[in-house]
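Inspection log for the structure reproduced underneath, given as structure tokens.
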Amino acid sequence: MSALHLGTVKIPVTDLARSLPFYCDTLGLSVLFTVEKYGWVQLSGGQFGIALYEIGKSDTSRAPGGDLDFHMICEDRATTLAQVRRQCPDAAWADHVSGAYVLRFADPDGNQLHIFARGENEDDSLKTYPQT
């Protein structure tokens, strides 16, 4: 078997019309394609796919809200913070136990998102993201 890699992260939402602008404006993603029948929008702009799906229209259902348990990575903390604060004005970088920095915020459905950035004193034994 060849090495596996992350393909798509699926995020449950209650209203695509409300959630889509949040993900495009806040994370800088763009619509790759839409399948209205399944309440599905595939987004691009990162090194992995993000798909939003409306509850009850897709073959998968998870209640919106809570921690999605995946981490995004950024190189430029200041630019990323400015972009996120357009939708989440209280967002702020925090120190992570690993020595990295973490930016935690929620989408309109309460799904918790995490963006990590390298820290000056990051513990190599607790890497929060792969080497780029």
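Keep in mind that what you see is a predicted model, and the values were worked out from it rather than measured. The figures here come from the full heavy-atom set of this structure, side chains too, leaving out hydrogens, waters and symmetry mates.
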Is the shortest heavy-atom distance from the side chain of [X] to the side chain of [Y] under 4.5 Å?
{"X": "Pro89", "Y": "Phe105", "result": "no"}
{"X": "Ile115", "Y": "Val102", "result": "no"}
{"X": "His96", "Y": "Phe116", "result": "yes"}
{"X": "Pro64", "Y": "Val13", "result": "no"}

Of all the heavy-atom pairs spanning [X] and [Y], show the shortest one and how long it is.
{"X": "Ala106", "Y": "Gln112", "result": "CB-NE2, 3.4 Å"}
{"X": "Glu54", "Y": "Asp15", "result": "OE2-CA, 3.6 Å"}
{"X": "Tyr23", "Y": "Ile11", "result": "OH-CG2, 3.5 Å"}
{"X": "Ala17", "Y": "Pro21", "result": "O-CD, 3.2 Å"}

Any chance you could measure [X], atom [atom1], to [Y], atom [atom2], to the nearest 0.5 Å?
{"X": "Gln87", "Y": "Thr26", "atom1": "CD", "atom2": "OG1", "answer": "4.0 Å"}
{"X": "Asp109", "Y": "Phe22", "atom1": "CG", "atom2": "CZ", "answer": "10.0 Å"}
{"X": "Arg104", "Y": "Cys88", "atom1": "CZ", "atom2": "SG", "answer": "14.5 Å"}
{"X": "Ile73", "Y": "His114", "atom1": "CD1", "atom2": "NE2", "answer": "13.5 Å"}
{"X": "Glu75", "Y": "Thr80", "atom1": "CD", "atom2": "OG1", "answer": "9.0 Å"}

Say whether [X] and [Y] are linked into one hydrophobic cluster, either directly or through other cluster members, by side-chain heavy-atom distances under 4.5 angstrom.
{"X": "Val9", "Y": "Leu32", "answer": "no"}
{"X": "Leu68", "Y": "Ile55", "answer": "no"}
{"X": "Leu27", "Y": "Tyr53", "answer": "no"}

Does NZ or CZ of Arg118 lie under 6.0 Å from the centre of the six-membered ring of Tyr101, at an angle within 45° of the ring axis?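 Because its charged atom misses either the 6.0 Å distance or the 45° angle limit, Arg118 does not stack over Tyr101.
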Measure from the side-chain N and O atoms of Asn111 to the backbone N and O of Pro12, and report whether any donor-acceptor pair falls under 3.5 Å.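 Looks like yes, one N/O pair under 3.5 Å.
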Atom pairs and distances, side-chain donor-acceptor, residues 33-45, under 3.5 Å, sequence neighbours left out:
residue: Trp40; atom: NE1; partner: Gln42; partner atom: OE1; Å: 3.2
residue: Ser44; atom: OG; partner: Ser30; partner atom: OG; Å: 3.3

